[in-house]
Structures are given as C-alpha cells and as structure tokens.
Amino acid sequence: ACATDPHPARDPDDLLYRVFGHRAFRGRQEEVVRQVVAGGDAVVLFPTGAGKSLCYQLAALCREGVGIVVSPLIALMRDQVEALRQAGVRAAAMHSGLDAADLAAIRAALQAGELDLLYVTPERLVSGGFMDMLGRCRIALFAIDEAHCVSQWGHDFRPEYGQLAVLAERFPGVPRIALTATADPQTQEDLRWRLRLEDAPVFATSFDRPNIRYTIVAKTDASRQLASFLKGRPGESGIVYRLSRNKVDETAAWLNAHGVRALPYHAGLDRAVREANQDAFLREEGLVLVATIAFGMGIDKPDVRFVAHLDLPSSVEAYYQETGRAGRDGLPAEAFMTYGMADIAQRRRMIDERDVAAEIKRVEHAKLDALLGICETAACRRQALLAHFGEAHPGGCGHCDTCLSPVDTWDGTVAGQKALSAVYRTGQRYGVAHLIDVLCGEATEKVVKAGHDRLPTFGVGKDIDAKTWRSVFRQLTVLRLVEVDYEEYGGLRLGEGARDVLRGERPLRFGRDRKPVAEGPRRPRA
Ligand code: ADP
Ligand code: ZN
C-alpha cells in the first residue's frame with residue numbers, strides 16, 4: 001500500500017481473495033473494511049475467531065501508506081507477520097526481541113515507504129522518536145488490537161495503552177480502528193472514551209458460539225472428573241487449563257499415566273520444550289495440552305475439540321476467551337469446568353495480594369462474583385454468559401448443562417442457618433471440613449479437643465450428607481454469606497448479610513450439585 005504499490009487493484013473484494021484466499025467476507029468484516037478504507041474510525045467487537053485481523057490488514061492494503069498495528073503480544077505479532085509475508089504482504093514487527101541491525105532495517109523500510117503493515121508494541125509506538133518518524137510517513141491507519149487492555153475494567157489492563165489517546169491528536173486525519181473480543185458494556189464504554197473513539201461507529205457481532213456446549217460441575221476430584229469427561233472423546237485435541245505450573249505438571253503426568261497423551265505448557269519450562277510442545281499440539285491430532293493461561297493468546301488451531309478448566313478462571317471474560325479456543329472450525333466442541341470452594345478462596349486471595357489500588361481490587365472481586373454467578377446459575381448458561389456481554393438471548397439453548405439437565409433447587413433456608421450458626425459458634429476460624437464434622441455430629445479428636453461436641457449446633461445437620469454440606473458452604477461463599485480467611489488457614493467467618501439469614505429474614509434456595517451431563521450425540525468421526 002506504499003509508494004511502489006505491489007497490488008494493481010485496491011478493490012477489497014479482489015484483495016480478499018488474492019491476498020488472503022477467502023472467497024467471501026464473514027459477518028460484518030466488509031462493513032468495517034469499507035468504513036476504514038473510506039477514512040472513518042471503527043470500534044470492532046467480534047468474538048475470538050471471528051476474523052478481526054483481516055479487517056485492519058485488508059483495509060491497510062486498500063489505502064495509501066503503511067498500516068500501524070498496536071499489539072501487546074510479541075508471539076502474536078510474529079505469527080501474523082510470518083503469515084502476511086507468505087501471502088506477499090510487506091509486513092514487519094518491531095519489538096524488544098530484535099537486535100539493532102533488524103530495527104535499523106525496519107526503520108529504513110518504513111521511511112522508504114516499503115512497508116504495508118508494521119506491528120509495534122504500545123510502548124514503542126508512543127516513544128518520542130518513533131512518533132516523530134511516523135510524522136514523516138504516510139500512514140494508512142492505526143489498528144489497536146486487544147483494545148480492552150486500555151480499560152481498568154478490562155481483564156487485562158495495560159497502562160501503556162492509556163497513552164494511545166495521543167494518536168487522535170497527533171494524526172487527526174488517519175483512521176483508527178480498535179478491536180477486541182472481550183468487552184462487556186462497561187469496558188466498551190470505557191475503551192471508547194479512553195481512546196477518543198466516542199464518535200466512532202461500533203461494529204459488533206453476536207458473541208454466541210452455538211457449537212460450544214458448556215458444562216460446569218462442582219469439584220470433587222479434578223483428575224477423576226477430567227478422566228471421565230475425556231472418556232467419551234478418545235483421539236480428540238483439547239486444552240486443559242490449570243492455575244499453577246505445579247498443577248500443570250501434575251495433571252499432564254496423571255493423564256499420561258492413565259493412557260491419555262498429554263504435554264505440559266507453562267512459563268517455567270525451557271523455551272525449547274515449550275515451543276516443541278506447542279508445535280506438537282498444533283501439528284498433531286489427539287493431543288491434550290495441559291497449560292497455564294500463558295498458553296493460547298493468538299493460537300489458531302481450528303479443531304480444538306474441548307477446553308477444560310480444572311481451576312476457576314479469573315473472570316467471565318477470561319473464561320469466554322479461553323473456552324472460545326474450542327471449536328473454531330464450527331464443529332461441536334465442549335467447554336468443561338470443575339470448581340470448588342478452595343478455588344474461590346484462592347482467587348480472592350490472589351486479588352487481595354496484588355499490589356494494585358483498592359479500586360482495582362474491588363473491580364476484580366466484582367468480576368469474580370460475576371463468574372461465580374454464572375457457575376451457580378440454575379438458568380441457561382449461554383443466556384447468562386451472553387447477558388454478561390450485554391447481549392439478550394432468550395435462554396433454553398438446549399446445548400448447555402443447565403438446559404440439558406435442569407438444576408434441581410431446594411429450600412436451603414434452614415440448612416443455611418445451621419451452617420452459618422456452626423461458623424459463628426465455633427468462633428469464625430474453622431475450615432469447611434471441621435464445620436461439617438460439627439454439623440454431622442462427628443466427634444473427631446479435633447472436634448472434641450475444641451469442645452465443639454458440646455455446642456448446640458453439634459449434630460444438628462445429620463439429615464444432610466457431607467457432600468451436600470460442602471455444596472451448601474460453596475454456595476454460601478458465592479453469595480458472600482461466608483468469607484474465607486486465608487490468613488487463618490482457610491477459616492470461615494460470617495459475611496455481610498449472614499445475620500439476615502440467621503434472623504430468618506432472608507430465605508435461601510440452593511442448586512443441587514449434579515454429575516456431568518451424560519454423553520450427548522457425538523459427531524461421527526471422519
Ligand atoms: P480473531 O482475531 O477475531 O480471533 P482471526 O483474525 O485470528 O480472528 O481469524 C480467525 C480465523 O478465521 C483465521 O484462520 C482466519 O484466516 C479466518 N478468517 C478470517 N476471515 C475469514 C473469511 N472472510 N473467510 C474465511 N476465513 C476467514
Ligand atoms: Zn442453555
């Protein structure tokens with residue numbers, strides 16, 4: 001798109017096929033491309049896999065000058081540049097991984113007008129020297145990828161993104177296009193304001209991924225639950241997310257010992273090992289990659305058949321982005337999650353221990369609450385997920401666990417009162433296991449030693465089994481009626497609102513924990 005134009009035609013339809021090999025636009029791609037080619041700004045909200053990159057890549061090729069793409073991820077830049085070069089596009093990426101000679105070569109190409117697309121990190125873009133250099137170039141557009149990073153409401157806040165607002169002032173005539181797959185209405189609003197894109201039209205498509213089936217179950221034994229989930233899908237490729245490196249290693253080893261081919265992926269592995277495992281996953285069929293969230297950004301493997309979370313993700317956005325890596329080819333795929341009380345406590349602790357402002361912690365707790373609400377909902381999971389992204393869905397999707405086997409609910413007012421009173425009478429510092437012993441009247445050594453066998457609460461919960469009590473405590477935690485004290489070894493204390501329950505002023509209804517949904521109809525294997 002520069003001085004010496006390699007493309008005789010600037011027609012989007014023509015370039016779509018000749019450069020990218022696609023016969024037709026998807027969704028709202030064409031509208032976005034036309035808007036930007038005509039010189040307008042755009043905010044693009046498409047779900048993962050919808051084809052956001054094409055929007056700015058193609059628009060840049062249709063305009064004079066170089067398209068500048070701001071991206072936070074070096075790995076993603078490299079992949080895209082590689083693919084673009086193979087398609088004959090003059091693309092380059094400027095990042096910290098390059099040496100001085102590489103950087104000088106890119107600068108020279110940029111100044112000579114010999115680049116169609118240049119990927120940069122936000123830090124580099126806003127650095128003084130770079131801005132001045134851009135001032136002397138012809139610029140086709142600015143694309144701001146992963147634009148939710150500009151917002152503190154987003155789940156991946158990056159302060160460097162805040163400075164991108166200067167683009168509007170420094171380059172008033174250059175179209176700007178911001179793209180993200182993860183924006184709830186609050187984040188959308190915030191990113192448009194922070195990037196000075198308040199007046200830009202928003203191009204959004206439905207976030208629904210109809211081919212993904214959602215299942216969320218209470219955690220009993222994560223490994224065994226995963227094994228029974230995997231049983232019906234031999235030879236399928238999938239990703240298993242775990243929170244820590246240790247757990248990744250453990251789960252990968254466990255799977256291999258149980259006849260499932262699995263490889264680990266986390267930042268603690270040697271780079272060579274990590275890359276080899278990722279390549280194997282991308283190339284081979286029927287491999288399970290057990291990973292921390294370090295894996296996945298920008299990975300484009302269309303036939304991932306399932307994504308399993310054995311630990312609770314940080315937010316609905318993170319959950320949706322991670323599960324969105326399943327079924328990009330449109331064929332049936334599964335999103336499976338197990339979570340329990342320990343997960344909630346751990347997430348809360350991670351937030352509290354972060355070295356950030358109280359306001360940000362408050363937002364992160366609220367985001368966790370939103371995810372927990374979806375985990376515990378008795379209504380259609382898909383409806384709840386989409387509602388989070390500001391999208392109305394009638395519910396009853398018929399393709400999530402709550403639709404396939406409706407959640408039984410029961411009047412938990414009395415059980416809730418008993419549980420809360422056990423917390424209170426034992427001094428608000430004991431963990432769930434001990435509290436359940438007290439409720440079920442188990443005179444264990446610890447119970448007797450603490451004198452808890454003489455409490456009026458001792459044995460009042462015999463009518464309910466320990467597993468159900470566990471579910472009760474988890475749901476009380478989700479409702480914030482109890483809080484987990486990490487400093488006190490996971491002891492529980494009463495939360496706000498607990499007193500209303502104890503006084504009989506607040507009725508409770510609990511969902512009954514279920515087993516994972518039985519095997520649905522499977523896609524015939526090719
Ligand atoms: P996103 O950034 O929205 O997650 P990508 O830009 O990575 O999505 O695109 C996802 C996949 O869809 C890529 O493999 C891309 O080649 C493909 N794709 C994009 N646009 C089209 C199209 N119009 N027709 C067919 N495939 C497309
Ligand atoms: Zn549903």
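Every number for a ligand or one of its atoms is a count from 1 in the order of the listing. These numbers were taken from a predicted model, which means no experiment stands behind them.
Counting heavy atoms closer than 4.0 Å to ligand 1, residue Ala181 contributes nothing at all.
Those atoms of ligand 1 that come under 4.0 Å of a heavy atom in Pro47, given as number and element, are 3 (O). Of all atoms in ligand 1, numbered sequentially from 1 with element shown, those under 4.0 Å from a heavy atom of Ala24 are 22 (C), 23 (N), 24 (N).
Cation-pi geometry between Arg474 and Tyr339 is met: the NZ or CZ atom falls under 6.0 Å from the ring centre, inside 45° of the normal.
For atom 20 (N) of ligand 1, the closest non-hydrogen atom of the protein is Gln29 NE2, 2.9 Å. Scanning the protein heavy atoms around atom 10 (C) of ligand 1, the nearest turns out to be Gly49 O, 3.6 Å. For atom 6 (O) of ligand 1, the nearest protein heavy atom (residue, atom name, distance) is Ser53 OG, 2.6 Å. The protein atom (non-hydrogen) at minimum distance from atom 25 (C) of ligand 1 is His22 ND1, 3.3 Å. Taking atom 14 (O) of ligand 1 as the reference point, the nearest protein heavy-atom neighbour is Asp300 OD2, 2.7 Å. Looking only at protein heavy atoms, the nearest one to atom 3 (O) of ligand 1 is Lys52 NZ, 2.7 Å. Nearest non-hydrogen protein atom to atom 9 (O) of ligand 1 is Gly51 CA, 3.5 Å.
Comparing Arg23, Arg26, Gln80 by heavy-atom distance to atom 17 (C) of ligand 1, the nearest is Arg26.
Distance CZ/Arg242 to NE2/His309: 11.5 Å, rounded to 0.5 Å. Note that CG of Asp208 is 5.0 Å distant from CG of Leu386, once rounded to the nearest 0.5 Å. In this structure, the separation between NE2 on His266 and CG on Leu243 is 12.5 Å, given to the nearest 0.5 Å. The CD1 atom of Ile212 sits 10.0 Å away from atom CZ of Arg328, with the distance rounded to the nearest 0.5 Å.
Taking the Zn ion (ligand 2) as the apex, the angle formed with SG of Cys403 and SG of Cys397 is 120°, to the nearest 10 degrees.
Aromatic ring centroids of Phe281 and Tyr265 lie 6.0 Å or more apart.
Here the rule is side-chain contact (heavy atoms from CB on, under 4.5 Å) with Ile144, and of Val150, Ile68, Leu164, Val69 only Leu164 fits it.
His399 lies apart from the Zn ion (ligand 2) in this respect, since none of its N, O or S atoms is found at a distance under 2.8 Å.
Looking at Leu289 and Gln278, their side chains never come closer than 4.5 Å, going by heavy atoms from C-beta outward.
Ring-plane geometry between Tyr319 and Tyr214 is classed as tilted, the angle between the planes lying from 30 to 60 degrees on a 0 to 90 degree scale.
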